[in-house]
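Below is one structure, written out as structure tokens; comments come after it.
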Amino acid sequence: MEAAEVNIQPEDFDAGIEIRNLREASGTTGAVASFVGVVSDRNDGADIESLLLEHYPGMTEKSIVAIIAQAKQRWPLLAVKVIHRIGKLQRADQIVFVGVASRHRGAAFAACEYIMDFLKTQAPFWKKEKTSAGERWVDARSTDTEATARWK
Amino acid sequence: MEAAEVNIQPEDFDAGIEIRNLREASGTTGAVASFVGVVSDRNDGADIESLLLEHYPGMTEKSIVAIIAQAKQRWPLLAVKVIHRIGKLQRADQIVFVGVASRHRGAAFAACEYIMDFLKTQAPFWKKEKTSAGERWVDARSTDTEATARWK
Amino acid sequence: MLDVLFFASIRERLDSERLRCAAVRDVDALIESLSERGPDWATVLRAPNVIIAVNQEIVDSTHRLHANDQVAFFPPVTGG
Amino acid sequence: MLDVLFFASIRERLDSERLRCAAVRDVDALIESLSERGPDWATVLRAPNVIIAVNQEIVDSTHRLHANDQVAFFPPVTGG
């Protein structure tokens, strides 16, 4: 059975296993570019103790599948995997994995960054930070919106 | 003891362990972008059976260290790791790993691709392919030279 | 009936996660109807950065509604 | 003395991996001196895409040489 391209899960992941699966999913791939996002220790001047990740079940998966489909139209991709964690995460925990296999390294890099950029601005996840000063919803960043604009 | 930033080795590597080391090398990193290159099954119209990777010991390490130093001048990087295999490799074997940790995902992606682009055109490695038609030295690609030109 | 969902800061400010309400013409009419529930509702749902999704696709407030549509209101996303 | 290295296709065409030879003024003079070793040497070492490194830094053929320099000749690189 083919593994799903998108997993939304509370559990941690092993980037090494995901990269191996991407290499094997398509015979001999040439290139696998990947990205791992990690819970930062600081944001907007405050120390982060933990993070609560809320999402919109159903729409989350749907929006990431649509982003992957757009990436596949732009670049010749052999395999893609996206994992995003939800629920309570600690400082330094992994949050997100995006991996892309292609014959061409330029395509693998570009598609991996494209998927991350659109995931950041389109997939319905919301982070609530717990800092020493209390809890707060994380503000969306204009730099993330600008990051998607350059792909137009 | 701090691990070396550059390893030239006949042995295979585990991208998952390398990504974990990059995450841990700098406390909480925010972002780790990485690349794994794999021996292709075809090149210039011939099936590849295996690959022999020759290099210039000493200069190889020196040139990659210099490429990493250039990347660190351009982007705020927390940790970098490059592994390149040498000797005999089979189809679908891993050849190269480049991983970059940064607080900023844009910097991690850009520096990872920059290091790969310059490694391809500046680090003294040479591939000899064994195909059904015999052995041949791989020709340098003009697309790789063009890939470095855009960073000027 | 419509299935209406609220997420993140909007869910907290309205103290409501999900409700069902009678089908109306479009999202604007839904917001008008929801605004009767409390003084904050119009302010929160009309805030300029609120995102509206109908059946899990992003739309604007003039989007026409049909029976059994799922309508969601949420703030700008911050995943990844 | 100079330590002279040849890699990949150049090593194979010259059938030589490493040799020592007397110090000369610059890389051009070294190529001239090496060309006496066989009919192919000048052709191979003067090919337009040959890369020259002295003490593991890329240079051009006018680069001045000093005692104990390591000089390497190799084709365009194809790693990664």
Side-chain angles (χ1 to χ4, degrees), chain B residues 6 8 35-40 43-44 51-67 82-87 89 94-98 112-129 135-145 147-148, chain D residues 1-21 23 26-28 30-31 34 38 40-80:
Chain B
V6 179
I8 309 300
F35 179 84
V36 173
V38 178
V39 180
S40 290
N43 186 30
D44 284 341
L51 211 60
L52 197 67
L53 259 152
E54 181 173 334
H55 78 128
Y56 181 173
M59 183 170 171
T60 315
E61 292 81 352
K62 216 166 141 176
S63 69
I64 298 173
V65 165
I67 293 166
V82 174
I83 302 173
H84 202 296
R85 293 179 70 190
I86 49 173
L89 299 178
Q94 303 188 110
I95 307 175
V96 62
F97 173 85
V98 175
C112 187
E113 192 167 12
Y114 176 96
I115 292 168
M116 263 310 295
D117 283 354
F118 281 88
L119 184 152
K120 279 252 175 196
T121 53
Q122 297 194 342
F125 293 100
W126 302 275
K127 288 192 189 109
K128 192 176 202 175
E129 290 172 348
E135 291 191 338
R136 62 181 182 190
W137 289 100
V138 173
D139 278 333
R141 290 174 186 278
S142 58
T143 51
D144 286 330
T145 313
T148 61
Chain D
M1 296 292 277
L2 301 168
D3 182 23
V4 187
L5 303 173
F6 308 101
F7 290 97
S9 55
I10 293 181
R11 173 177 52 72
E12 286 188 352
R13 286 194 59 191
L14 300 180
D15 195 19
S16 178
E17 188 172 337
R18 184 170 207 158
L19 53 83
R20 296 183 67 76
C21 77
D26 56 21
V27 176
D28 278 320
L30 174 63
I31 295 173
L34 292 170
D40 270 359
W41 287 62
T43 319
V44 170
L45 297 178
R46 288 288 185 197
N49 63 358
V50 168
I51 297 167
I52 304 157
V54 172
N55 300 328
Q56 308 187 351
E57 302 276 357
I58 306 225
V59 299
D60 63 37
S61 68
T62 63
H63 188 87
R64 292 292 293 268
L65 295 175
H66 303 93
N68 303 315
D69 276 354
Q70 185 180 74
V71 186
F73 295 89
F74 50 81
V77 303
T78 57

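Chain identifiers are assigned alphabetically (A, B, ...) following the order of the sequence lines, protein sequences preceding nucleic acid strands; residue numbering begins at 1 within each chain.
- Using modelled atom types, no side-chain atom of B:W126 and backbone atom of D:S9 make a donor-acceptor pair closer than 3.5 Å.
- Taking B:A123, B:S63, B:A66 one by one and counting their heavy-atom pairs under 4.5 Å with chain D, the maximum is reached by B:A123.
- What you find for B:V138 and D:T78 is that their closest heavy atoms are O-CG2, 3.3 Å.
- Closest approach of D:F7 to B:H55, counting heavy atoms only: CE2-O, 3.5 Å.
- Relative orientation of the D:F74 and B:Y56 rings is perpendicular, given thresholds of 30° and 60° on the angle between their planes.
- In this structure, chain D has a heavy atom under 4.5 Å from the side chain of B:K62, while its backbone stays farther away.
- For D:N49, no part lies near chain B; criterion is any non-hydrogen pair under 4.5 Å.
- Taking chain D as the reference chain and counting heavy-atom pairs below 4.5 Å, the highest number among B:R85, B:K128, B:R141 is found for B:K128.
- In this structure the side chain of B:M59 never reaches within 4.5 angstrom of the side chain of D:Q70, judged on heavy atoms.
- Nearest heavy atom pair, residue B:A140 against residue D:V77, reads CB-O, 4.0 Å.
- Residue D:L5 touches chain B through its side chain alone, counting heavy-atom pairs closer than 4.5 Å.
- In this structure, chain D has a heavy atom under 4.5 Å from the backbone of B:D139, while its side chain stays farther away.
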